[in-house]
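Only one structure is covered here, and it is reproduced in the block below.
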Amino acid sequence: MILRFESVPFVDLSGLKMLNEIVKHLQKRGIEVYLCEANPQVRRHMYRAGLFRTLGRKHLWRKFSTALEKCEADLAEKNKHKEK
């Protein structure tokens with residue numbers, strides 16, 4: 001799942017805490033979550049809210065095209081391991 005923050009001008013702490021919980025829930029279900037296009041202020045708030053710890057740096061991208069490429073590569077890698 002790729003979440004685009006292109007049109008999100010600001011976020012508050014309670015919203016980020018909820019997003020963090022949703023991401024954790026999705027991860028437990030085996031769903032990878034990628035975030036992209038967040039402006040610098042939103043990224044700072046994400047960092048402070050602990051979202052980067054939950055996601056890990058490899059799931060945060062500045063551009064949608066880069067997030068999509070990484071997502072596709074990760075899916076291909078998982079499928080390759082399943083075939084073995």
Please identify each residue that fulfils salt bridge (charged side-chain N to carboxylate O under 4.0 Å, His left out) with Glu77, with sequence neighbours left out.
Lys80
For Lys17, the side-chain contact (heavy atoms from CB on, under 4.5 Å) test, sequence neighbours excluded, returns Leu13
Listing request: all salt bridge (charged side-chain N to carboxylate O under 4.0 Å, His left out) pairs with a residue in residues 42-52, at least two apart in sequence or in separate chains.
none
Please enumerate all residues that pass side chain to side chain donor-acceptor pair (under 3.5 Å) together with Asp74, with sequence neighbours excluded.
Tyr34, Lys70
When every non-hydrogen atom of Ser7 is compared with those of Pro9, the smallest separation belongs to O-CD, 3.2 Å
Tell me, which pairs form a salt bridge (charged side-chain N to carboxylate O under 4.0 Å, His left out) where one or both residues lie in residues 22-40, sequence neighbours left out?
Arg4-Glu37, Glu21-Lys24, Glu32-Lys78
Can you pull the side chain to side chain donor-acceptor pair (under 3.5 Å) pairs that have at least one residue in residues 60-69, sequence neighbours excluded?
none
Side-chain heavy atoms under 4.5 Å apart, restricted to Ile/Leu/Val/Met/Phe/Trp/Tyr: what other residues fall into the cluster of Leu16, or is it alone?
Met1, Leu3, Phe5, Val8, Val11, Met18, Leu19, Ile22, Val23, Leu26, Ile31, Val33, Leu35, Val42, Met46, Tyr47, Leu51, Phe52, Leu55, Leu60
Pairing residues for His45 by the ring-ring contact (aromatic ring centres under 6.0 Å, His included) criterion, not counting sequence neighbours:
none
Can you list the residues that meet the ring-ring contact (aromatic ring centres under 6.0 Å, His included) rule with Phe64, with sequence neighbours excluded?
none
